[in-house]
Amino acid sequence: MFVLRDIVADEPVVINVVDTEDDLEGFRDFIRGNLDMLGLDTETTGLDIYSPEYRLRLVQFGTAHEAWVVPVELGGRFAEDVRLALKGVGGFALHNASFDLQVIDKHLGIPMEELWPKVTDTQILAHLVDPRGREDGGFGHGLEDVTRHYIDARVADEIKTLPAQLAREYKTTKDKIWAIVPFSEIRYRLYAGIDPILAFRLVHALSPKVPKTSVDLIEQEHEIAEVCAIMERTGFLLDVEYTKQLSESLHMEEELRTGIAQAYGCENVNSTEQVADVLEARGVKITGRTPSGKRKVDKHLLGQLKKEGDPFATAVVEAKKARKWRETWVDKFLNSRDANDRCHAHIRSLRARTARMSITGIPAQTLPSGDWLIRRCFLSDEGQVLASIDYKAQELRVLAALSGDRTMREAFEKELDLHLITARAAFGDHITENDPERKYGKTANFLKVYGGGAANLAEQLDIPFPTAKRVLDAFSRTYPGVEDFGTRLANQARRDGYITTPVGRRIPVDPERFYAALNYVVQSTSRDVTCRALLRLHDEGFSPYLRLPIHDEVLASIPKEHAEWGAKRIGEIMRETMRGVLIDTDPEVGGRSWGSFYVKKEDLVNITDPYLLKG
DNA sequence: CAGGTTAGCACC
DNA sequence: AAACGGTGCTAACCTG
């Protein structure tokens, strides 16, 4: 038995490291003495839980002053006693429980459904206390961040520097060190032992700081995190054959286009500097500048040149696109798939300042939606088809509900064309849905939710500033309730430094950006609508079929013979009425591939790939 | 030279 | 009076 002593927040802590099966007796005594609540953490070989080489190495339990580190990688009695402890203890404190519970689920065989009800996730608490990341004026939500701010800055510094230090000494990198550092390494033992102590302490440090209005959210956010973790665990089936072919064809496209660009004297199309040099040599005047003063060569400029038929600009645009698509999406899918060809996204159910979710791994929220090429990579399970159920104009409906604006509410109640209403208010009643002005109305409606102004609308639509201003003025006149609502929120933000959303979530607002308060409450409440829907879907037994939540949309894989019924049912469950406004859904049954939702009608006749066809 | 930052592009 | 909200990922660039 190996004992380490350290100091956390001026108090001595003891870390007991189990080396032999005989040491387990002390561990069992410790568990028996703390059956109500313990800090919990795992050490693994890395972050890719579902990769074939992945291993769980250690499991650690702790109170405020004592931790036990058990090397379950030795198997046998070590793993068995940890299993008994996980089943026997009534409550666990973890930081980012989704990760550890999936590890335990997959590698110790305890389903996370068994553990989630016992969990207090200190990352969730930290977000409810202050949702801002570090780069955003907050303290951040990582274990190091919250330890620094709420527990002990010295301990945080050790957590921060140790991985790099070990990586140097063991001649590897930070992300690979956890697979190779030997269990005998004392600093590894210390690092492992401190974490459950911190998790335990964080529950007590953070709980009293959760705003009173947000206390009810604690339980809900844990349930949402669980449903998201279930989707992660399920994964999304990858069409490996198709994805490999796509990777190759993108690679060829890139080589071809790069060759053309090189013929114009540009060695590296990804270097903005080089592209700018060649463009200027070709007589192009680059007037735009980036914030740091460099020449701005962006999509706007290159797109314009491409439109004018410039062969160099075209080659650059296409080469960059092919490379980006291959590296960011396609190859990543192939590299991250598990032994069953499934990709496991990481869904952060409580991410943005507004609590909006984010998805990494399969960055599902940022996949190209202009065509089906990339999304074609993902499939429903065998015998199933995909269904996409999204909310109709979710954020605008939420805006109508929260602001109570009469015209906007009426528009949704009577299923009128809101974008046309805005357009007509600006340009007259003769405007029809086929006029380009309707698009101005539509863009203005969305931009208003984002807090944008006339200059921006003008740029986005490529119209004169006065015209843009006219549309926004019309918006203000037409929906006075929205204007009032925005003003009230901005005043609240100015007075308190934060706003409180209808569910009681506290969102800080920066003093120089009070106008953003409206967007925050709309974005946050829309997120809550989708998350509440996930909880209801879980309660109704649909979670095994869910694949991903994407802002205002839920993607599901459902048995083919019940697809129509299932999609409709999911749509019904997701729908809700908010202050009298129906937040309606639009269920759609696709084919086997995700791409089937993105095939344009006019291209349908040329499609021979059965997975791209619906039904 | 690892690791952080910037610029650009993808989405809602 | 005006104000573009939120995210992830990559290569290139910068820095200690």
Side-chain angles (χ1 to χ4, degrees), chain A residues 131-136 160-161 163-165 167-168 171-177 268-276 288-303 316-317 320-321 323-329 331-332 345-348 351-370 374-375 390-391 393-396 399 443-444 446-460 465 468-469 472-473 476 486 490 507 509-510 512-524 526-527 530 549-553:
Chain A
R132 291 173 299 180
R134 230 174 337 136
E135 56 297 323
D136 223 5
K160 187 183 166 65
T161 51
Q165 191 191 341
R168 260 196 314 277
K171 301 203 192 310
T172 181
T173 54
K174 257 165 72 169
D175 50 332
K176 294 200 188 98
I177 183 66
N268 183 354
V269 294
N270 283 310
S271 166
T272 310
E273 290 286 296
Q274 285 186 29
V275 173
R289 289 292 176 270
T290 68
S292 59
K294 291 194 198 115
R295 290 166 296 179
K296 190 172 184 176
V297 182
D298 58 4
K299 200 180 149 196
H300 187 75
L301 175 65
L302 288 171
V316 171
V317 170
K320 283 170 85 158
K321 186 173 151 186
R323 182 181 183 120
K324 162 111 183 165
W325 282 26
R326 184 172 60 83
E327 299 233 323
T328 312
W329 327 120
D331 286 356
K332 213 155 177 262
H346 176 40
I347 306 167
R348 299 156 104 162
R351 174 68 177 93
R353 179 191 294 225
T354 58
R356 225 190 200 193
M357 293 183 275
S358 84
I359 307 181
T360 57
I362 307 170
Q365 296 166 332
T366 58
L367 295 182
S369 59
I374 301 292
R375 294 180 198 241
D390 64 351
Y391 288 96
Q394 188 190 44
E395 292 201 330
L396 285 169
L399 179 62
T443 310
F446 285 119
L447 196 76
K448 228 21 205 181
V449 177
Y450 295 157
N456 216 276
L457 187 62
E459 201 199 330
Q460 245 184 67
F465 181 85
K469 185 146 188 342
L472 289 185
D473 287 345
S476 308
I507 305 178
V509 184
D510 298 341
E512 65 277 11
R513 292 203 295 180
F514 291 130
Y515 63 88
L518 176 73
N519 172 259
Y520 287 170
V521 76
V522 171
Q523 187 179 107
S524 186
S526 300
R527 174 272 186 192
T530 305
I550 306 159
H551 297 311
D552 62 345
E553 174 191 0

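Below, read A as the first sequence line, B as the second, and so on, with proteins coming before strands; counting in each chain starts at 1. Note that these values count all heavy atoms, side chains included, but never hydrogens, waters or copies made by symmetry. Source: prediction; values computed, not measured.
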Under 4.0 Å between any heavy atoms, over every strand shown, what does [X] touch: base, sugar-phosphate, or nothing? Just pick one.
X	value
A:Thr354	nothing
A:Leu518	nothing
A:Lys469	sugar-phosphate
A:Ala454	sugar-phosphate
A:Gly486	nothing
A:Ala455	sugar-phosphate
A:Tyr520	sugar-phosphate

Tabulate protein N/O versus nucleotide N/O from nucleotides 10-12 of chain B, keeping only pairs under 3.5 Å, one per line.
unit_1: B:dA10; atom_1: OP2; unit_2: A:Lys299; atom_2: NZ; d: 2.9
unit_1: B:dC11; atom_1: OP1; unit_2: A:Ser369; atom_2: N; d: 2.7
unit_1: B:dC11; atom_1: OP1; unit_2: A:Ser369; atom_2: OG; d: 3.4
unit_1: B:dC11; atom_1: O4'; unit_2: A:Gln365; atom_2: O; d: 3.4
unit_1: B:dC12; atom_1: O3'; unit_2: A:Asp552; atom_2: OD1; d: 2.9
unit_1: B:dC12; atom_1: O2; unit_2: A:Arg356; atom_2: NH1; d: 2.9
unit_1: B:dC12; atom_1: O2; unit_2: A:Arg356; atom_2: NH2; d: 2.9

Under 4.0 angstrom between [X] side-chain N/O and [N] OP1 or OP2:
X	N	answer
A:Arg348	C:dG6	no
A:Lys320	B:dG8	no
A:Arg351	C:dG8	yes
A:Lys176	B:dA2	no
A:Thr328	C:dT10	no

Are the side chains of [X] and [Y] in touch, meaning some heavy atoms are under 4.5 Å apart?
X	Y	answer
A:Lys448	A:Leu399	no
A:Ile347	A:Pro549	yes
A:Leu457	A:Thr443	yes

Please state how far atom [atom1] in [X] lies from atom [atom2] in [N], giving the value in whole angstrom units.
X	N	atom1	atom2	answer
A:Ile362	C:dC9	CD1	P	11 Å
A:Asn519	C:dA3	CG	C1'	12 Å
A:Leu447	C:dG5	CG	P	10 Å
A:Leu302	B:dA7	CG	P	17 Å
A:Asp473	C:dA1	CG	C1'	11 Å
A:Ile359	C:dC9	CD1	P	11 Å
A:Gln394	C:dG6	CD	P	17 Å
A:Leu399	C:dG5	CG	P	16 Å

Main-chain N/O of [Y] paired with [X] side-chain donor or acceptor, under 3.5 Å:
X	Y	answer
A:Thr172	A:Ile177	no
A:Arg375	A:Pro368	yes
A:Ser524	A:Thr354	yes

Scoring nucleotides 11-16 of chain C by protein non-hydrogen atoms under 4.0 Å (B base, S sugar-phosphate only, - none) yields SSS---
Once rounded to the nearest 0.5 Å, what's the spacing between atom CZ of A:Arg326 and atom NZ of A:Lys332?
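Rounded to the nearest 0.5 Å, the CZ-NZ separation comes out at 14.5 Å.
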Verdict with reasoning, A:Glu395 to A:Gln523, per side-chain contact (heavy atoms from CB on, under 4.5 Å):
CA-CA 7 Å; A:Glu395 292 201 330; A:Gln523 187 179 107; 4.0 Å; yes
I would like to know whether A:Arg353 and A:Asp510 meet side-chain contact (heavy atoms from CB on, under 4.5 Å); could you show each step before the answer?
CA-CA 11 Å; A:Arg353 179 191 294 225; A:Asp510 298 341; 3.5 Å; yes
Using a 6.0 Å cut-off, check whether atom CD of A:Gln165 has over 12 heavy atoms from anything other than its own residue.
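Yes, enclosed.
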Looking only at side-chain atoms of A:Lys174, point me to the closest of B:dG3, C:dC9, C:dG5.
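Closest nucleotide among those given: B:dG3.
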Please list, chain by chain and in numerical order, all residues satisfying salt bridge (Lys or Arg N to Asp or Glu O under 4.0 Å) with A:Arg527, sequence neighbours excluded.
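Salt bridge (Lys or Arg N to Asp or Glu O under 4.0 Å) check on A:Arg527 returns A:Glu221.
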